[in-house]
Participant: 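Below is the structure I would like to discuss, written out as structure tokens.
Convention: sequence-line order gives letters A, B, ...; per-chain numbering from 1.
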Amino acid sequence: MKEILMLAAICVPLLGAFLIPIFGKAITKLRNALALIFVLTALLCSILLLPYAVADNDAVIHIYLPLGLSIGFHADALAVFMAITSTLVSSVIVLYSFGYIKDYPNQNEYYLMICLFIGAMMGLVYSSNLILLYMFWEITSFCSWRLIGFYRDRTALIRANKAFITTVLGALIMLIGFIGIYAETGTFDLSVIKGYTLPSWIVAVILVGILTKSATFPLHNWLPDAGVAPSPVTSLLHAAVLVKIGLYAYVRLFVVELNIDKVFETIVPVIAAVSALLSAGAALKATDIKRVIAYSTISQIAFILLGLSCGVEVGLAGGLLYILAHSIAKGGLFLCAGIVEHALHTKDMSKMGGLIKTMPVTAISCLFCALSVMGIPPFGGFFAKFLVIDEIVSAGQITLGIIFIIGAIMTVLYLARMFSLVFLGEEKAKAHEGTKVMLASVIILAVLSLFMGILINLPTELVKMVGGLQ
Amino acid sequence: MRALQYVSMLFVIIPLTALIVCSLIKRSRQNAAFYLLSAFAAAQVGLALYGLMLFNSLNISEYSFGFHITQAVADVFTLKPASLVMLLCIGLVSFTSLLVAYKTMPANKKLSYLRLLSALIIGMNGIVLVNDLFTMYLFIEIIGISSFVLISTTKTEEGLESAFIYLVMSSLASIMLLTGLAFIFMRTGSLKFEYLIAINNTSAEVSQNALTYLSYILVISGLLIKTGAVPFHSWLPDAHQSADTSVSVLLSGIVIKAAGVYCLMRVTDIFGNLYAIRLSLAILGVITIAVGAMFALHQNHFKRILAYSSVSQMGYMLLGISAGGILGFIGTMLHIFNHAVFKSTLFTNAAALHEEVHTLDIDKLGGLQKQMPITATTSLIAFLSTAGIPPLSGFWSKLLIIIALWKANFIGFAAAALVLSIFTAAYFLRLQMNVFWGQTPEHLQSIKEVKGTIRFAEIMLTIITIAVGLGFPFILLFLEASGII
Amino acid sequence: MEVIITICLGFMLVFAIVAVMNKSLLKSAIALALVSIFLGVILYLLTAKWAAVFEVSVCSGLVTVISISAISLTHEEKEQLQKKYMDKRRMAMLPYLLILCGFLLVFIVLTAKIQLPYDQLAEPSTETLSEALWDNRQADVWGQIIILLTGAFAVVTLFKEA
Amino acid sequence: MINALFDIISNNMLLIFILLPAFVGLIMLFIRKRFAIQLAVLLLSSIINLIAAYTLFASESFSYVIPFASFGLDIVLVSNELSSLFIMLVAAMFLFVCLYSAFYLKHKKQFSVFMLYMYISLAMLNGAILSDSLGIMLFFWEGLLCTLLGMLLINNTSKPKAAIKALVLSGTADLLLMLGIILTAYQAKTMLINEITPIKIQGFVPTLGFFCMLFGAIGKAGSMPFHSWIPEAANDATTPFLVSFPGALEKLAGFYLAVVVTTKLYDLRPHSTISNIVMTIGVLSLLFAVSMALIQKDMKRLLSYHAISQVGYMVLGIGSGLPIGIAGAVFHMLNNAVFKSCLYMCAGSIESQTSTTDLKKFSGVGKCMPITSICFTICGLAIAGVPPFCGFFSKELLFDAALESNIVFYIGALIGAFMTAVSFLKMGRAAFFGKLKLPEEKKISESEAGMLVPMIALSIICIIFGVFNTLPLDTLINKGLMFEKSFSGWPHSILLVVISLVVLCIAVLDHLYGSKKSGSALNAADHIHYAPVLKTIYSIAERGYFDLYNQMNALFNVFAKICVMFERAVSFTYDTIAVNAALLPGKVMRRYHNGSLGRYLFAALCGVVIIILIFIAVLV
């Protein structure tokens, strides 16, 4: 049963994606519904897997192949947690797309890629083999490439290419590390090499891939540029799924499965801290609304990485909670930005202002999400931030803790600036509220952000079980 | 065993029959010859697969045969699983080329095309079957001459010029090969593979000798010219670009591999997997990957990009050979097959574009995805496979090659090969962006999707690419079951 | 014997240079054929009779035919083509390169202390033609036949379908 | 059945303080346009809250753990002396403030939203005060930021400066608090306040932790350097907001935490360097704010600066680390909450009639609004520290503490007192006494009873707390702080009293001099404003150089510029350098790939040479 659930979570969106163009030719509504159903199936299956995973009764599929290339899927609590996080936000994003994307050409491809992307994400989180992981990793790169270039204008295409080249290069370098592991251990199977202590050069090489995917300085440059994509796509890539892949890989490889040298407990946090501060600074100056949010993503991802990498077990919990909170809130922010962009046909914040009067729902949702990202209670981001910094400090990294707080202050500054420029002040442009579906999506995310804070016990319980912590 | 005997003989008889039929047939009946040759090519694919199954069930590693009129006749041909894979590729690519030529080849040139193609197939089949270096050289010459004429069939100035360059380079290769073989013959007195392998293993006096090394260098250089490895590659792009697309399919899809890579593989094996040879191949392989890709980044002609891409991909095969070992061997064979498939797809796409848009200058194309969805999708998949994006076929062969390199302690080369494959992605992204992606210019709005054989070829090859990619686990299991790994 | 071989080698080199340097493509092709013929003579002198026969037939015969046919195709634009080649000096480096190659080869041969094996010539082969050709070198015969056939096709293709 | 219900209630009593207000707030959102019901719900709930708080104060201390979230985030609520005291004070102030606000906002559109925010704030405040776990406390504490932002934005979205400033500054303070809390927990190895034994402030980490926590506390209270949003809010925000937040509730919350930090979490030794630094912050805050208040011409703005300056006094007291200082600070906080909210209420009362609080636009409304003017006078006297009003007694305690620490602080505090008196004399005379002047020709009258009731009540409290100061000092504060020594009654040092009175007299004289010199009561402080050195300082201050927000913005702007440059460099590396580097070899090589056969052959020869070299390298 649990194995079937896991397979369904992976295969339904992954294979279903290819049905979408077939249906899309005939009935667009059915196609849209199918896309949503595929993603929801993945979500549902992952949720149903949770009890098994929590009870340490993990679903495991292992098919032997020669050369250590086994096909292995393993739904442990961490995987299930990541799957739920990403599909939760993804479902909302797919819903939002119904409103956002409906007037553009190439919708078949759009939904195909979205579903494929989510399917790949599912495959990635559940896979227990490095090559499988790499495979799904590349599929997500490919999908993001198509999705970023959705509008087909020259800038979009060049940026899409840039994102693809950068992430694929990172992944290739990571693959060197995987092969290094293979050369040392003779297998790609994570369950076999669990507990193996990695040589430092392999860690460094794999880190390049991870940092590229999760857009950490200095490998982040593709991410702000990818803002040319449609907003649901940016939301999916920058908030919900793509950037989280790197973090997931970090946790999976370096925290849960394999051991790394102590020195990385200093190096990675330092990189993360630099990344966090630099991108926060860049966010303060950006005038493009999506760029602000994108830089904010880089900064927040760095915070998460900080939490994950400081070497304390509970830091993992904080980091995971942060991942959840950030997915929801940042997804919401991008979607709100999408509504604004849709209404005003510009992304330049200097041309916006006073939109709270014409689009109150968007504004309030955006505010909720922004507050969550800032880490202000009762929104979800608060506890995540609190736990992460708690863990950083309890790992004895006081300086990093201070940097974290400076970064958090900058987060407040740039998000406050963004919010006031876009929604407050004098009304500069005529605008209209988004469609009902779009509003519903952002409301869902905003409310989720709120409830994640108020009902923090649920996610923390989940995270606790994921980390196997007491 | 008997079945195997017939099958193996058929590999010689089929193209010979084709050649004879094509030489005798009248121009007015050329279509019949076309169908016949297509059927033969398809039959070769089937036979090769059947042969592989036979090998598996008989559990043998090679089978020698000859055409016995008297009993004294030696077995001049040897069939191996690797040869069968090559024969499969030959059949497949020839079939594709025929499908493409059906549309692209002008009617007055079809017959010559068919004749030369059958000669070419004989040459290639011969190369993969022979067990003697001199015979191998002869068949290389057949390939050389027939491809030279095939390239120059367009009879444009560029076509002839590039054919001339090919001829010159090709004769340089012949000279080197012949000189090298002469030296070897001088030292050993025979050019039989078995004999050479045996003498390499037993007699240090023969194998460790300046003249022997010189001969090795000459033979390898000659074969590298045939392969189109950098810096011996200069004939290749011109030839690919100016030839008819159906010919490009052949050249890129199989000729450079049969006459180059496959022979190199055999020769390296025969020369005792000398470290110096492997190192030279590895170094040249990395250079080839890098330089080919860097050239490809600058090209504006669809087929020229593909040609340089082929150069670049040859580098991986060279690396595979240099890695040696069973994994390197399997990786190289698989890459040969995969490359044959996806490069043929891409050239077929080129043919489709040429048929519909009448230009292959990528600056004049754009946004054709909507107008030519099948061509666009197939080219995309072929590109992904070339760039080594899993789970498509290209990834697995590259992976095997790189693992093999790693195991052979060529770690730096492995890493370089991996990282350099980003260039593959780069030039293909440029290609995709300029041709299929992006916005459609006004004058291309009315373009229609290509029909008929070319479309069929595109779809067929793409399915193979995907199937091999997804079915790779089965290939692995099959290999393990037959005790190869 | 040595003298004759050396003379032949000298002629070969001269004609080879002529073949490369000559402005007229036709004369070049003829010079090339002569190179092959001298090679054939050398081979004959070294008792490699079959090799000599093949050399003369295939190389001087066939290659020349193909070359000449190719040249005649470009006949109409010969002036232009020549001008183009001469102007751009595209071929300027070629002969020097070839000469360099030759010297390099000789140098290597000399330093490696390789002697031409004419003082230890093999005994005249006892096997008959059919034994030599069919029984042991069956595939080579196939190959030769097909090369000839291909050459014929080439001529047909290049000439007739112009 | 009833017993069971009672048990449940008594067991969850502490949770009620959090849940009930939140619930009532939500109810308020749904009652629209029915003022009577709104008022009834409001009064009822506030009174219940007050009664419950009193019960808590009267009862023994107890704690209550609700298993909630992992990672030390269980809700631990504690009712001890200190927290129950503050709960009660908050409840009392909330009652007054709410009543006033209800009448002020009667029939206005924003009523229900404002009340929602008020009640949620109350819930958060109660939560913050009651929680024993630092993490949960921080949750409630920072949560106030949301309501703060919401209140500042009500009907004011086109002028968001104050709101954004408040968000950023309070957010900064709260994040510092977060760091402080975590550092504290890191040192004490526990999150529970009750389990922490005061940490000695020695070394980097404890100092950092202490200051972060203190900044968090006084930042909420609106001390320097987190003050600048309050005057800004005085321009933009509604009066009820000023009354309730900067006036009363935030001060209470802030000082609750300040007391906790200095007494329970950290061991703040009197006369230590740390103590001196804190007191310096207090004095600076006091002097700066009060001198800014001196030159303001707008009632609400002036009061806002006073709200800041009074915090300075309290910080001074707390920072001394002496029992008398702490008691004085808490007493002053209590007094300040009373008279400052009353003063805001008076300003609001005037605003409701004249629709302005700019003193340049009106004057002499005392005759038309007698009760307001009486209340204002009482509270003004109290804040100026005139006996026998409450402010006098608390200030004397603080003076005592300051003197004991260092005479410099005492002098600073005296100057502060002088300026306070001067500015209130100026404002009081300009606003209420003298000739009647109004912005428009219209009749004005006393505000409605509902607004007056809390004002009167607070004024009376001002007097009671002064005359019968045993009541607050002994029954409330000493119980809450668990001090043995009583500080009630007449100040024990006659000398200090005399000095204070002399200072007040000088203030009166100065005011008379000033008003005579400038010709009007309003400009009575001009001679100080335009005094030689002060003039420059004032102009610097007016330009916002002392504003942390501006400085932060400037600092981060510089940082951001550097980041952008960096970012450009990175982009340039990716977009130009990397691309060209990838293209360059091809470009160069392409030149040699021009169709020249010679070159091709040469290349091939090179290849052969390469292979030869490799062979030689390997074999030799």
Participant: Using atom types as modelled and distance alone, determine if a side-chain donor or acceptor of A/Ser70 lies under 3.5 Å from a backbone N or O of A/Gly72.
Facilitator: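 The answer is no, because no donor-acceptor pair under 3.5 Å joins these two groups.
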Participant: Measure distances from A/Leu67 to the heavy atoms of chain B and classify the residue's part below 4.5 Å as side chain, backbone, both or neither.
Facilitator: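 The side chain, not the backbone.
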Participant: Below 4.5 Å from any heavy atom of chain A, which atoms of B/Leu380 appear? Answer side chain, backbone, both or neither.
Facilitator: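 Only the side chain of B/Leu380 comes within 4.5 Å of chain A.
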Participant: Examine whether an atom of B/Trp406 lies under 4.5 Å from a heavy atom of chain A, and if so say whether it belongs to the side chain, the backbone or both; otherwise answer neither.
Facilitator: side chain
Participant: Under a plain distance cut-off of 3.5 Å, with no hydrogens placed, do A/Asp189 and A/Ser191 share a side-chain donor-acceptor pair?
Facilitator: yes
Participant: Under the ring pair (Phe, Tyr, Trp, His ring centres under 6.0 Å) criterion, do A/Phe188 and A/Tyr134 qualify, and how do the steps go?
Facilitator: CA-CA 11 Å; A/Phe188 287 111; A/Tyr134 175 78; 9.7 Å; no
Participant: Can you say whether B/Leu400 sits under 4.5 Å from chain A via the side chain, the backbone, both, or neither, judging by heavy atoms?
Facilitator: side chain
Participant: Which region of B/Ala414, side chain (C-beta onward) or backbone (N, CA, C, O), has a non-hydrogen atom less than 4.5 Å from a non-hydrogen atom of chain A, or is it both or neither?
Facilitator: neither
Participant: Does any heavy atom of chain B fall under 4.5 Å from the side chain of A/Tyr151, the backbone, both, or neither of them?
Facilitator: backbone
Participant: In terms of heavy-atom pairs under 4.5 Å with chain B, which of A/Leu175, A/Val168, A/Ile158, A/Asn161 leads?
Facilitator: A/Asn161
Participant: So which part of A/Leu69 gets closer than 4.5 Å to some heavy atom of chain B, the side chain, the backbone, both or neither?
Facilitator: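 When you check distances to chain B, only side chain atoms of A/Leu69 fall under 4.5 Å.
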Participant: Please classify the contact of B/Phe472 with chain A as side chain, backbone, both or neither, using a heavy-atom distance under 4.5 Å.
Facilitator: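 It is the side chain, since no backbone atom gets that close.
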Participant: Checking B/Asn409 against chain A: side chain, backbone, both or neither under 4.5 Å from a heavy atom?
Facilitator: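 No part of it gets close to chain A.
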Participant: Decide whether B/Thr465 and B/Ser393 meet the rule of one side-chain donor and one side-chain acceptor closer than 3.5 Å.
Facilitator: no
Participant: Going by atom types alone, do A/Ser141 and A/Lys213 pair a side-chain donor with an acceptor below 3.5 Å?
Facilitator: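 A/Ser141 vs A/Lys213: donor-acceptor pair found between side chains.
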Participant: Do the rings of B/Phe383 and A/Trp145 sit parallel, tilted or perpendicular, given the 30° and 60° boundaries?
Facilitator: perpendicular
Participant: Contact part of A/Ile131 toward chain B, heavy-atom cut-off under 4.5 Å: side chain, backbone, both or neither?
Facilitator: side chain
Participant: Is it the backbone or the side chain of A/Ala171 that comes under 4.5 Å from a heavy atom of chain B, or both, or neither?
Facilitator: neither
Participant: Find the one option among A/Asn106, A/Ile63, A/Asp153 whose heavy-atom pairs under 4.5 Å with chain B are most numerous.
Facilitator: A/Asp153
Participant: If you measure only the distance, is there a donor-acceptor pair under 3.5 Å linking the side chains of A/Asn221 and A/Lys162?
Facilitator: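 Yes, side-chain donor-acceptor contact under 3.5 Å.
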Participant: For the residue pair A/Tyr110 and A/Phe150, does the interplanar ring angle fall in the parallel (under 30°), tilted (30 to 60°) or perpendicular (over 60°) class?
Facilitator: perpendicular
Participant: Can you tell if the side chain of B/Glu356 reaches within under 4.5 Å of the side chain of B/Gln371, non-hydrogen atoms only?
Facilitator: no
